[in-house]
Amino acid sequence: NDISTDEDGSVDTTINIPIIAIPGTDYPITIDYQFTDGTAAANADYEPGPGHSINGSITMNNAGDNPYNVPVVIKADAFANEADETFTFTILDPPSPNVLVDPAEREITVTIIDHDYEISIQDVSVAEDDGTATFTVDVIPALKDSDVVTVDWTTADGTAVAGNDYTAASGTVTFRGPAHASPLPTPQTFSVSLVNDNVAEILETFTVTLSNASANAFITDNSATGNISDDDFEVTVFDDATFDESDGTINIPVQLNRVV
């Protein structure tokens, strides 16, 4: 039967392709085989395990060697957003004289399922007096088993200036799969402190940038904008005007920069 296996982004893994002799086989038998690239490339995406080669042979000396497992190393691969990849394993003609191979069972396809995680971060809009801007970092798909994904983040000035409008910060976001004693599912959040001043200002922005994703993940959206709207009032007095003393009462119009 065909085989499917997950690709790991950080460590090589090994699978076995079983060659099975039916009961009553007259041992010993020798079988030649061949690996053939599909979309997966030998030595880049997979390679025969120790003692085996792309074109090789195996011998079963007795029933204790049945089934014979041909090891295949699936190479660690953190390339971003790959499609699933395949290669084939074929039993060649002719096998030993006393061996008959069912044509329908002569070849199998091995599918390497891409196992990279995608990391993204979302923009945030806050008021200056909110105190903090909370950013959300997401990972897809959901982490499997004992997988761990990490990514670093750091702030940078835009029109908002660290110390005056917000507090510069950096850190690491960690996600842990459900097999961990303390899993950390997606999404995760972190907060950046805001500075609430008494100066009327226009909308100001700063950025948060993601970097250094773990080997089993890649960043699809590495930057988010923190939008800070002002909570202070600005009073505007209209242009100078001339009045006659006899007017008695005058009105001086003033305007706030936003609705109360």
Please work out whether the ring planes of Tyr33 and His52 are parallel, tilted or perpendicular, with thresholds of 30° and 60°.
tilted

Distance only, no hydrogens: is a donor on one side chain within 3.5 Å (strictly under) of an acceptor on the other, for [X] and [Y]?
| X | Y | value |
| --- | --- | --- |
| Tyr166 | Asp157 | yes |
| Thr134 | Ser191 | yes |
| Thr59 | Thr30 | yes |

Out of curiosity, does [Y] fall in the hydrophobic cluster containing [X] (side-chain heavy atoms, cut-off under 4.5 Å, transitive links)?
| X | Y | answer |
| --- | --- | --- |
| Val149 | Leu184 | no |
| Ile19 | Ile54 | yes |
| Phe190 | Ile219 | yes |
| Val192 | Val126 | yes |
| Phe218 | Val148 | no |

Whether [X] side chain and [Y] backbone form a donor-acceptor pair below 3.5 Å:
| X | Y | answer |
| --- | --- | --- |
| Asn227 | Thr205 | no |
| Asp130 | Ala127 | yes |
| Asn62 | Gly64 | yes |
| Asp2 | Val110 | no |
| Arg176 | Ser146 | no |

Tell me, with the steps shown, if Thr111 and Ile3 meet side chain to side chain contact (heavy atoms under 4.5 Å, CB included).
CA-CA 6 Å; Thr111 301; Ile3 297 173; over 6 Å; no

Compare every heavy atom of [Y] with every heavy atom of [X], then report the nearest pair and how far apart it is.
| X | Y | answer |
| --- | --- | --- |
| Thr14 | Pro71 | CG2-CB, 4.2 Å |
| Val73 | Gly49 | CG2-CA, 4.2 Å |
| Leu143 | Pro178 | O-CD, 3.4 Å |

Taken in chain and number order and not counting sequence neighbours, the residues that satisfy side chain to side chain donor-acceptor pair (under 3.5 Å) with Asp152 are Thr172, Asn212

Partner residues of Thr150 under the side chain to side chain donor-acceptor pair (under 3.5 Å) criterion, sequence neighbours left out
none

Indicate every side-chain donor-acceptor pair of residues 34-44 with a distance under 3.5 Å to a residue at least two apart or in another chain.
| from | atom 1 | to | atom 2 | distance (Å) |
| --- | --- | --- | --- | --- |
| Gln34 | NE2 | Thr36 | OG1 | 3.2 |
| Asp37 | OD1 | Ala42 | N | 3.0 |
| Asp37 | OD1 | Tyr46 | OH | 2.6 |
| Asp37 | OD2 | Ala42 | N | 3.3 |
| Thr39 | OG1 | Thr86 | N | 2.9 |

Rounding to 0.5 Å, atoms CD1 (Ile140) and OG1 (Thr220) come to a distance of 6.5 Å

salt_bridge(Lys75, Asp45) N-O dist < 4.0 Å:
no

Can you check side chain to side chain contact (heavy atoms under 4.5 Å, CB included) on Thr159 and Phe206, steps first, answer last?
CA-CA 7 Å; Thr159 53; Phe206 66 96; over 6 Å; no

Considering only heavy atoms from C-beta outward, does the side chain of Asp32 approach that of Ile91 to under 4.5 Å?
no

